[in-house]
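Values reported hereafter were calculated over all heavy atoms of this structure, with side chains retained and with hydrogens, waters and symmetry mates removed.
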Amino acid sequence: MADESKEPGTRRRIKIGRIRIGLNVVVQIVLILFLAAMLNSLAFKHYKRWDFSRDQKYALSDKTKRFLDTLKGKMRITVFFSPSTPISADLQNLLTEYQYAGKGKIDVEQIDPERNLSRAKELFDKYKVVTDESLLVLDYDGRNKTVKASEMADIDQSGMALGEGPRVAAFKGEQAITSAMIDLMEGKKKTLGYVTGHKEPALSAPTSPITLLKTFIENENIKFQELNLLDQAATPADVNAVMIVGPQYDFSEREMQVLRDFWDKQGRILVLVDPAANTPRLRAFLDELGVKVNDDRLMVFVRTGIQELALTRDVQAHFLGDSPVTKRLADVRAIFVGGTASLTLDPNRGRAVSIRLEPLIQAEKGYFAETDYNSDNQVKLQADAKKAGDVPLTIAASAEKGGSADARVQVNSSRLVAASNATFIQDNAVMQDQAALDFVSGAVNWLLSREQMIGIAPKISKPLTFSLDPEALRRLRWILLVLTPLIPAAIGTVVWWQRRV
């Protein structure tokens, strides 16, 4: 009877226990779902992307990232691309990187003009689009700009005759889109006056040796304007900076006066001196600012055998990271082809006229500045090299008058960048080493007070190639035919022996 009287209470306790267990399970499931939702939400809003591809094809350059940080409003990008366009996939991946780097400031709308005709027509009418070519439209602060597919890629159609489709030879989407964004944000292009009249490299000729440099600078929302100082009483008001590249003949007194007046009125000047040219007035102007172009050539002896030395005049140099011009290029090495003279910076002369001087590029150790540079006497040249020692040799420098040493303080000032080599920016040199473009870009942007735009350009894609000598091929054959099959055989033997034991 006692057992029967306890049975209802026991059942109630068991029932209550089951309810508690059920509630615990429900609560745990709800908590797990809540935590999973929170983690997914956090991962969606705060995530990190990496590009492990060899040529960093899908990574934005530092320059673009810094520009996107300066955006104050929304940038809307409308893409009118047919799926059959060869660069559709590349463009989509690139715009994803823009959205990620823009941190919510960039909106992208994809429209297929062949399927969504009504929406495409509505936006075509809004943005006054009159072409059937695939394109995208950037809209910022009431202004808009169009970027066509042909501006974003070089298409190789040589295989069309063989029945092959077009092939993307080079994708230039980032350069085209970032340039258009800068244009929209700044509203008006900066003007760079390119001085002519002294046998400088032609700027607009089909055979111009600085075509790559011109295109690269123009893609940064900068407009070149040819400038003949003989025809000017003063530098035009719309010219923001002056560029002088390797004049072969000297400037007249009148031209030098125009240049000095420009400098005195907080002008910005980039000078690339050809050390082989006779330009005493131009060099005297630089000397007045504390930058002296020496009458010498940088050389180095390179050992080519056990007892053989070869003399080379191409200068391997490194960029210094103390200046905003070369900060992003700190410790990068580059080759300066052709003749290069040394620069002597005179801080005392600069200080006397309130000019702050900074070296930008220095030759690597081992180079010496030879004053008798036309001599073929190897013994004499080797003796001069031993006497020279390891004194740092500067080949590019900056001068600023009236500026502030604190980069955070923006003060109107006169600025100048000078280099003692004028051939390193030509197309044949740039194709071998892109650091020249980065340096000139950094110099021009510093002169134009656009420090946020100074950076390294996207890498040029290079094919991955390797070659093996006969000995390496022999080793590779042994590894593939003998060692590789032996490894799983040895593992199998060990496992079989352990099971047998």
Side-chain angles (χ1 to χ4, degrees), residues 145-148 150-155 169-170 172 175-176 178-180 182-183 186-252 254-256 258-259 262 267-274 276-277 279 282 337-338 417-419 421-434 436-445 447-448 450 453 457 460:
K145 188 173 179 64
T146 300
V147 182
K148 299 178 182 179
S150 57
E151 299 173 10
M152 291 185 277
D154 291 334
I155 305 298
K172 304 180 295 185
Q175 291 91 329
T178 300
S179 176
I182 297 171
D183 196 358
E186 294 184 345
K188 183 180 179 181
K189 290 179 180 289
K190 298 285 186 179
T191 301
L192 183 62
Y194 185 83
V195 175
T196 61
H198 315 90
K199 205 176 179 182
E200 294 87 355
L203 183 65
S204 304
T207 57
S208 171
I210 57 171
T211 302
L212 293 177
L213 174 69
K214 180 176 181 290
T215 302
F216 188 80
I217 297 299
E218 286 178 338
N219 282 342
E220 297 186 340
N221 199 37
I222 297 172
K223 178 179 67 174
F224 275 98
Q225 176 179 317
E226 292 190 356
L227 181 63
N228 190 334
L229 296 179
L230 273 175
D231 299 336
Q232 306 288 337
T235 305
D238 60 339
V239 172
N240 304 106
V242 169
M243 185 175 185
I244 303 172
V245 179
Q248 300 301 298
Y249 298 98
D250 203 10
F251 286 54
S252 67
R254 177 179 175 178
E255 289 175 302
M256 291 310 307
V258 173
L259 200 61
F262 181 66
R268 310 297 174 88
I269 306 172
L270 172 62
V271 182
L272 306 182
V273 178
D274 184 349
T279 54
L282 181 60
V337 298
V417 173
N421 183 306
T423 58
F424 73 100
I425 63 167
Q426 295 185 7
D427 292 354
N428 56 353
V430 169
M431 292 296 290
Q432 303 298 323
D433 193 342
Q434 199 179 351
L437 292 180
D438 299 327
F439 170 68
V440 176
S441 170
V444 170
N445 281 301
L447 293 174
L448 296 174
R450 302 199 310 172
M453 290 305 300
I460 297 175

For P247, does its backbone N or O pair with a side-chain atom of D274 as donor and acceptor, under 3.5 Å? no

Taking only residues two or more places apart in sequence or in another chain, which ones pass side chain to side chain donor-acceptor pair (under 3.5 Å) with T423? N421

Check whether any side-chain N or O of R268 sits under 3.5 Å from a backbone N or O of L447 as a donor-acceptor pair, and report yes or no. yes

Tell me the salt bridge (charged side-chain N to carboxylate O under 4.0 Å, His left out) pairs involving residues 236-250, sequence neighbours left out? D250-R281

Which pair of heavy atoms, one from A202 and one from P209, lies closest together, and at what distance? O-CD, 4.1 Å

Nearest-0.5 Å distance, NZ of residue K172 to OG of residue S179: 11.5 Å

Stepwise side chain to side chain contact (heavy atoms under 4.5 Å, CB included) test for F216 and I210: CA-CA 10 Å; F216 188 80; I210 57 171; over 6 Å; no

Against M243, only a single residue in I269, L203, V195, V440 fulfils side-chain contact (heavy atoms from CB on, under 4.5 Å); can you say which? V440

Is there a side chain to side chain contact (heavy atoms under 4.5 Å, CB included) between S208 and K214? Walk through the geometry before answering. CA-CA 10 Å; S208 171; K214 180 176 181 290; over 6 Å; no

Minimum heavy-atom separation for D427 to L212, with atom names? OD1-N, 3.1 Å

Atom pair CZ/CG of F262 and L229 - distance to nearest 0.5 Å: 10.0 Å

Which pair of heavy atoms, one from A176 and one from M152, lies closest together, and at what distance? CB-CG, 3.9 Å

Rounded at 0.5 Å granularity, tell me how far CD in E255 sits from CG in N228. 6.5 Å

What are the two closest heavy atoms between L230 and S252, and how far apart are they? CD2-OG, 3.7 Å

Interatomic distance, CD1@I217 vs CD1@I425, rounded to 0.5 Å, equals 9.0 Å

Sorted by first residue and then second, give each ring pair (Phe, Tyr, Trp, His ring centres under 6.0 Å) pair with at least one member in residues 187-211; sequence neighbours left out. H198-F251

Take atom NZ of K223 as the centre, draw a 6.0 Å sphere, and report whether it contains more than 12 heavy atoms from other residues, nucleotides or ligands. no

Is a side-chain N or O of T191 found less than 3.5 angstrom from the main chain of N240, in a donor-acceptor match? no

In this structure, CZ of R254 is separated from CG of D231 (nearest 0.5 Å) by 7.5 Å

From the list L270, I222, V239, side-chain contact (heavy atoms from CB on, under 4.5 Å) partner of L192 resolves to I222

What distance separates E226 CD from E200 CD, expressed to the nearest 0.5 Å? 10.0 Å

